J.: 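One structure follows; several queries about it will come next.
Side-chain atoms are counted along with the backbone in the values below, which use heavy atoms only and exclude waters and symmetry mates. Here the structure is a predicted model, which is why all the values come from computation and not from measurement. All residue numbers in this chain count up from 1 along the given sequence.
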Amino acid sequence: MVLAYCDEAGFSQVHPNRSAWTPKGSRHLSEAKRGKRLNVLAAMLSTGELFSAKIWQSTTAEIFAGFIGLLKEHVGKKITVIIDNASVHKAKATKPIMALLENKV
């Protein structure tokens, strides 16, 4: 059996300016530019290998479940996935796909 520690990280060339300090009575004048964001899903395997995928879109439950499916296919044997409590990990949309993956050897 292989252990896989999975997580995601996002990278952006432009820092999203969502809030800033502004003196009372003044208007906030900083632009809140948004650019493309690179998201990386990765699994550190107990074999020492790193398995990853890069996407230029938001990480959704469906994308996360697809990543786990690719990971399981890559490993080719029984795998235990260790994840945190991110909403995409425990979303309703993930449950049927995870159940299918559990039943495969």
Side-chain angles (χ1 to χ4, degrees):
M1 177 182 14
V2 175
L3 288 174
Y5 299 90
C6 298
D7 211 351
E8 311 81 25
F11 304 91
S12 177
Q13 289 181 334
V14 179
H15 177 71
N17 182 10
R18 294 194 177 117
S19 62
W21 179 88
T22 306
K24 189 174 181 174
S26 299
R27 290 184 67 195
H28 178 66
L29 300 177
S30 296
E31 263 188 66
K33 290 184 180 181
R34 291 228 170 178
K36 281 196 168 187
R37 183 178 168 89
L38 173 65
N39 288 302
V40 178
L41 292 89
M44 176 58 80
L45 306 177
S46 57
T47 61
E49 185 181 1
L50 178 66
F51 180 80
S52 65
K54 298 171 275 192
I55 56 172
W56 286 98
Q57 63 186 63
S58 297
T59 304
T60 63
E62 293 83 5
I63 287 174
F64 176 72
F67 172 75
I68 296 298
L70 290 173
L71 173 64
K72 184 160 179 66
E73 193 174 291
H74 174 77
V75 170
K77 54 184 165 181
K78 195 168 181 97
I79 184 170
T80 298
V81 178
I82 299 166
I83 54 178
D84 59 18
N85 275 333
S87 59
V88 297
H89 298 166
K90 48 188 188 163
K92 287 181 183 177
T94 306
K95 293 186 189 320
I97 298 165
M98 294 301 215
L100 283 173
L101 292 174
E102 268 185 40
N103 294 325
K104 292 184 179 181
V105 177

J.: Once rounded to the nearest 0.5 Å, what's the spacing between atom CG of L45 and atom SG of C6?
T.: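 That separation rounds to 8.0 Å.
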
J.: Could I get the full list of side-chain contact (heavy atoms from CB on, under 4.5 Å) partners for E73, not counting sequence neighbours?
T.: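 With neighbours one apart ignored, the set is empty.
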
J.: Applying side-chain contact (heavy atoms from CB on, under 4.5 Å), run through L71 and I79 and close with a yes or a no.
T.: CA-CA 9 Å; L71 173 64; I79 184 170; 3.7 Å; yes

J.: Out of curiosity, E49 CD to M44 CE, how far, rounded to the nearest 0.5 Å?
T.: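 Result: 9.5 Å between the selected atoms.
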
J.: Please confirm whether the backbone N or O of I55 pairs with a side-chain atom of N39, one donor and one acceptor, at under 3.5 Å?
T.: no

J.: Test: side-chain hydrogen bond (donor to acceptor under 3.5 Å, both in side chains). Region: residues 80-94. Which pairs qualify, not counting sequence neighbours?
T.: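 Sorted pair list: E8-H89, D84-H89.
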
J.: Starting from W56 and following side-chain heavy-atom contacts under 4.5 Å between hydrophobic residues (I, L, V, M, F, W, Y), which residues can be reached?
T.: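 Noted: W56 shares its cluster with F11, L38, V40.
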
J.: State which residues pass side-chain contact (heavy atoms from CB on, under 4.5 Å) with S58; sequence neighbours excluded, sorted by chain then number.
T.: none

J.: Which heavy atom in V88 sits nearest to a heavy atom in F64, and how many Å separate them?
T.: O-CD2, 4.0 Å

J.: Could you tell me which non-hydrogen atom of R37 sits nearest to which non-hydrogen atom of S12, and how far apart they are?
T.: NH1-CB, 4.4 Å

J.: In the hydrophobic cluster built from side-chain contacts under 4.5 Å, what are the other members alongside Y5?
T.: L3, I82

J.: Which residues pass the ring pair (Phe, Tyr, Trp, His ring centres under 6.0 Å) test with F67, sequence neighbours left out?
T.: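 Only F51 meet the ring pair (Phe, Tyr, Trp, His ring centres under 6.0 Å) criterion with F67.
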
J.: Not counting sequence neighbours, which residues clear side-chain contact (heavy atoms from CB on, under 4.5 Å) with P23? List them please.
T.: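 For P23, the residues satisfying side-chain contact (heavy atoms from CB on, under 4.5 Å) (neighbours in sequence not counted) are W21, S26.
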
